[in-house]
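Single-structure report; data block below.
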Amino acid sequence: MYSKTMVEHTGPIQLNGEGSIRSYTAEIKNVVAKGKKVEHACVVLFFTLQYLGTTEEGNLKYKSSIQRRFFLDDKNRPIFKPSKTQKLALNAAKINDELILEVSKNYKLIGIINVEEVQKKWRKLKGILQDSFTDLQTVIGDFDWQMQTSNIQKIYRNDVFYNFFFSNFFYQEFNTEKSLEHKKVLMNGIHNLDVPIIEKKTIAEQDLLFQNITISTSAELDTKNKIFPLEKMNVFLGNLLGTKGSKHSLEFDYDGFYKVKPRIGLITEGHLTYSFSIKDIYTKSTTLNFNLEKDE
């Protein structure tokens with residue numbers, strides 16, 4: 001039970017630095033509605049995370065190992081016979097099965113350390129995919145671009161799930177006067193457009209002994225950011241509208257939370273839902289969940 005009486009926490013929340021292997025489950029869901037047409041994609045991950053120590057620069061190293069992934073249908077049932085596109089996605093995702101991650105002391109993803117290993121896996125997998133999916137050269141070309149040394153770190157840093165999982169609130173000051181703010185990018189937020197946002201975090205609930213807390217997160221569009229894709233967004237949304245000159249407002253919602261045990265410096269649960277929508281015309285909704293299942 002959480003106390004409804006808020007006691008202001010002073011001082012930063014420390015991050016757990018043990019080398020324990022922790023097991024997580026995660027769910028990543030996207031629902032896109034264009035008029036009456038609805039597309040649904042949901043993948044479940046079972047993975048472990050282990051702290052490996054620090055880099056020469058003083059950043060943190062983690063090993064992420066994915067044991068299993070599968071798709072769910074629109075009724076949240078496992079898909080045992082994936083489609084051709086789903087098979088491609090599952091095969092391509094295997095390059096992420098073993099990652100060595102570099103993370104800041106605040107628990108923000110900086111990038112991956114084993115870049116050459118991931119690129120080698122992709123080159124090997126690419127040959128298999130080209131033999132199996134001869135009509136998907138565009139998709140394979142996209143992965144080629146992502147795996148280039150100049151692009152790969154940005155792709156992982158802005159990945160929808162990693163962006164959420166690595167929460168960037170440890171060793172930072174929380175107070176009741178001001179939210180903790182960070183600039184982030186929602187990759188493929190609208191269609192395939194990357195949308196910059198300003199995310200805000202506050203302590204929403206806590207018990208009297210500060211052993212269990214809930215950190216809530218909200219966000220607003222960062223329209224002043226130089227990479228905000230206003231022109232491309234207007235072109236995309238304009239193509240969806242049937243009548244020239246018609247005006248529709250774009251709505252953005254972003255709501256989530258983390259469950260945290262501050263005294264041992266560990267996030268045990270996270271949930272986030274965000275959406276972009278134009279009433280009756282277009283909606284893209286993304287839902288992310290993760291849970292700590294086992295702490296060995």
Side-chain angles (χ1 to χ4, degrees), residues 23-47 49 64 66-79 82-83 85-86 89-90 92-93 96 107-109 155-169 182 184-202 204-205 214-222 233 236-237 250-260 267-293:
S23 298
Y24 289 88
T25 58
E27 182 182 288
I28 306 161
K29 180 189 295 185
N30 281 294
V31 179
V32 178
K34 295 179 183 178
K36 294 182 179 180
K37 183 181 179 181
V38 179
E39 297 176 354
H40 173 280
C42 182
V43 65
V44 174
L45 304 175
F46 294 83
F47 69 99
L49 194 70
S64 169
I66 298 177
Q67 279 78 45
R68 187 183 175 201
R69 57 170 67 83
F70 58 85
F71 283 102
L72 299 179
D73 64 17
D74 57 0
K75 293 182 174 59
N76 290 324
R77 298 172 303 195
I79 296 175
S83 66
T85 302
Q86 289 170 334
L90 290 172
N96 298 316
Y107 207 57
K108 175 185 178 182
L109 181 64
I155 294 297
Y156 281 98
R157 279 197 303 270
N158 291 335
D159 177 85
V160 170
F161 179 70
Y162 290 127
N163 209 313
F164 169 58
F165 184 83
F166 292 100
S167 51
N168 194 21
F169 60 64
H182 297 116
K184 299 176 72 170
V185 174
L186 298 179
M187 193 163 64
N188 299 326
I190 299 178
H191 189 48
N192 60 355
L193 304 178
D194 297 342
V195 182
I197 63 169
I198 300 173
E199 187 183 59
K200 301 178 180 181
K201 294 186 176 75
T202 57
E205 293 181 318
T214 300
I215 294 178
S216 66
T217 179
S218 60
E220 59 187 40
L221 296 175
D222 188 6
M233 191 184 301
F236 168 69
L237 298 176
L250 177 68
E251 295 184 0
F252 173 61
D253 294 303
Y254 188 100
D255 181 57
F257 67 81
Y258 297 90
K259 298 284 187 182
V260 186
I267 305 173
T268 60
E269 180 183 350
H271 173 82
L272 174 66
T273 295
Y274 60 87
S275 65
F276 296 87
S277 63
I278 298 178
K279 188 177 181 181
D280 300 328
I281 295 173
Y282 173 86
T283 298
K284 182 174 182 179
S285 177
T286 299
T287 302
L288 308 168
N289 296 294
F290 70 83
N291 288 281
L292 177 67
E293 299 294 333

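We use all heavy atoms of the structure for the numbers below, so side chains are in, but hydrogens, waters and symmetry mates are not.
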Please state whether the rings of Phe290 and Tyr258 are parallel, tilted or perpendicular, taking 30° and 60° as the class boundaries.
tilted
Rounded to the nearest 0.5 Å, what's the gap from CG on Leu292 to OG on Ser23? Could you check?
8.0 Å
How long is the straight-line distance from CD1 of Ile190 back to CZ of Phe236, given to the nearest 0.5 Å?
8.0 Å
Going by heavy atoms in the side chains, are Ile28 and Arg69 under 4.5 Å from each other?
no
Can you check whether Phe252 reaches Ile197 side chain to side chain, under 4.5 Å on heavy atoms?
yes
Shortest non-hydrogen contact between Val195 and Gly189, atoms and distance:
CG2-CA, 4.3 Å
Flag the pair Tyr254 / Leu272 as yes when at least one side-chain heavy-atom distance between them is below 4.5 Å, and no otherwise.
yes
Can you list the residues that meet the ring pair (Phe, Tyr, Trp, His ring centres under 6.0 Å) rule with Phe166, with sequence neighbours excluded?
Tyr107
Side chain to side chain contact (heavy atoms under 4.5 Å, CB included) between Asn168 and Lys184: does it pass, once the steps are laid out?
CA-CA 11 Å; Asn168 194 21; Lys184 299 176 72 170; over 6 Å; no
Do you know the tightest heavy-atom contact between Pro82 and Gln86?
CA-OE1, 3.2 Å
Can you tell me if Asn291 uses its side chain to pair, donor with acceptor, with the backbone of Glu293 under 3.5 Å?
no
In sequence, state the C-alpha distance, the side-chain angles, and the governing distance for Thr287 and Thr273, and then conclude on side chain to side chain contact (heavy atoms under 4.5 Å, CB included).
CA-CA 4 Å; Thr287 302; Thr273 295; 3.5 Å; yes
Leu250 CG to Tyr282 OH distance, which is reported to the nearest 0.5 Å
9.0 Å
Distance in Å, Lys201 NZ paired with Ser218 OG, rounded so as to fall on 0.5 Å steps
9.5 Å
Mutual orientation of the aromatic rings belonging to Phe276 and Tyr274 [parallel < 30°, tilted 30-60°, perpendicular > 60°]:
perpendicular
Leu288 and Phe165, any side-chain heavy atoms less than 4.5 Å apart:
no
For Phe257, does the six-membered ring have the charged nitrogen or CZ of Lys259 within the cation-pi criterion, i.e. under 6.0 angstrom from the centroid and within 45° of the normal?
yes
Does the side chain to side chain contact (heavy atoms under 4.5 Å, CB included) test come out yes or no for Lys200 and Glu220, once each step is laid out?
CA-CA 8 Å; Lys200 301 178 180 181; Glu220 59 187 40; 3.4 Å; yes
Could you check if a side-chain atom of Tyr24 sits within less than 4.5 angstrom of a side-chain atom of Leu45, using non-hydrogen atoms only?
no
dist Asp222:CG -> Leu186:CG (nearest 0.5 Å) comes out at 10.5 Å
Any chance you could lay out the side chain to side chain contact (heavy atoms under 4.5 Å, CB included) test for Asn163 and Leu109, step after step, and finish with the verdict?
CA-CA 7 Å; Asn163 209 313; Leu109 181 64; over 6 Å; no
Between Ser64 and Phe47, what is the shortest heavy-atom contact and its length?
OG-CD1, 4.3 Å
Under 3.5 Å, side chain of Lys284 to main-chain N/O of Asn188, donor-acceptor pair present?
yes
Contact list for residues 30-39, test side chain to side chain donor-acceptor pair (under 3.5 Å), sequence neighbours left out:
Asn30-Thr286
Minimum heavy-atom distance Lys29-Asn76, with the two atoms named:
NZ-OD1, 3.6 Å
Atom pair CD1 (Ile281) and CG (Leu237), whose distance is rounded to the nearest 0.5 Å
9.0 Å
Which atom names give the shortest non-hydrogen contact between Thr283 and Ser277, and what distance separates them?
OG1-CB, 3.3 Å
